[in-house]
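The block underneath contains the structure these notes are about, expressed in structure tokens.
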Amino acid sequence: MIIDSTLVLHEGSLTATQTSAAVPLTSLKIPGKATCIPLSIRITESFAGATSVVCTLQQGDSADGSFTDVAALTLPASQLVRGYATGWNALPRAVTQNWLRLKFTVSGSPTAGKVFAAILRDDDEPGDAAQLSR
């Protein structure tokens, strides 16, 4: 997995509702229509006290302009455990603008929990044993 530091949406604690920094995809005219662009959102530290986290992908025309929602998914408490990877593995086809950010809406009273979210160059899912050459 190759990580470009300019495409990291969030890395670290997530114990309150917050919005990530915006990241550029300025080399693509319509990012969601491009060949699969991997998106990784992973729990890196189990949450304590949170009942759910809603991850909303937002897009805009510039880093400091207005943003609109593209897609959202809800992670219930049972999924807020270290190592969990969200259901998104690529940018949704509805992404049509060049700046992206994530809004995290945290429910409950979390005292711990960390998330890593980034747009990647390559898929970060491990291969199956059957795919390995022998």
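For reference, positions follow the sequence shown, starting with 1. Just so we're clear, the structure is a prediction, and the values are computed from it rather than from any experiment.
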**Report entry** Full working for side chain to side chain contact (heavy atoms under 4.5 Å, CB included) between Val115 and Phe104
**Finding:** CA-CA 10 Å; Val115 171; Phe104 297 100; 4.2 Å; yes
Requested in this report: Output all residues satisfying side-chain hydrogen bond (donor to acceptor under 3.5 Å, both in side chains) with Ser62, sequence neighbours left out; order by chain, then residue number.
Outcome: Asp64
Query raised in the report: Do Glu45 and Arg82 have side-chain heavy atoms sitting under 4.5 Å apart?
Result: no
**Report entry** Beyond-backbone contact of Leu39 with Leu120, side-chain heavy atoms, under 4.5 angstrom
**Finding:** no
Query raised in the report: Excluding sequence neighbours, so at least two apart, what forms side-chain contact (heavy atoms from CB on, under 4.5 Å) with Ser109?
Result: none
Query - Partner residues of Phe67 under the ring-ring contact (aromatic ring centres under 6.0 Å, His included) criterion, sequence neighbours left out - result: none
Query raised in the report: What distance do Gln79 atom CD and Ile43 atom CD1 have between them, rounded to the nearest 0.5 Å?
Result: 9.0 Å
Report task. Applying side-chain contact (heavy atoms from CB on, under 4.5 Å), name anything that partners Val54, two or more places apart in sequence or on another chain. Result -> Thr56, Ala72, Thr74, Thr105
**Report entry** For Ala77, all residues meeting side-chain contact (heavy atoms from CB on, under 4.5 Å), sequence neighbours excluded
**Finding:** none
Query raised in the report: Heavy atoms, side chains only, cut-off 4.5 Å: are Leu57 and Leu102 in contact?
Result: yes
Query raised in the report: After noting the C-alpha distance and the side-chain angles of Leu100 and Ile119, does the key distance pass the side chain to side chain contact (heavy atoms under 4.5 Å, CB included) rule?
Result: CA-CA 10 Å; Leu100 299 175; Ile119 297 165; 3.7 Å; yes
Query raised in the report: Hey, does Leu73 have a side-chain heavy atom less than 4.5 Å from the side chain of Trp88?
Result: yes
Query raised in the report: Looking at Ile41, Val8, Leu9, which one forms a side chain to side chain contact (heavy atoms under 4.5 Å, CB included) with Phe116?
Result: Val8
Requested in this report: Looking only at non-hydrogen atoms, find the nearest pair between Leu80 and Ala50 and report the distance.
Outcome: CD1-CB, 3.9 Å
Query raised in the report: With a 4.5 Å heavy-atom cut-off, do Leu75 and Ser52 have their side chains touching?
Result: no
Query - Pairwise side-chain contact, Gln59 with Asp69, heavy-atom cut-off 4.5 Å (strictly under) - result: no
Query raised in the report: Ignoring hydrogens and geometry, is there a side-chain-to-backbone donor-acceptor pair from Asn98 to Leu25 under 3.5 Å?
Result: yes
Requested in this report: Compare all side-chain heavy atoms of Val23 with those of Thr6 and state whether any distance is below 4.5 angstrom.
Outcome: no
Report task. Say whether, by atom type as modelled, one donor and one acceptor occur between the side chain of Ser20 and the main chain of Arg101 under 3.5 angstrom. Result -> no
Query raised in the report: Would you call Phe47 and Val53 a side-chain contact if the rule is heavy atoms closer than 4.5 Å?
Result: yes
Query - Partners meeting side-chain hydrogen bond (donor to acceptor under 3.5 Å, both in side chains) with Glu11 (sequence neighbours left out) - result: none
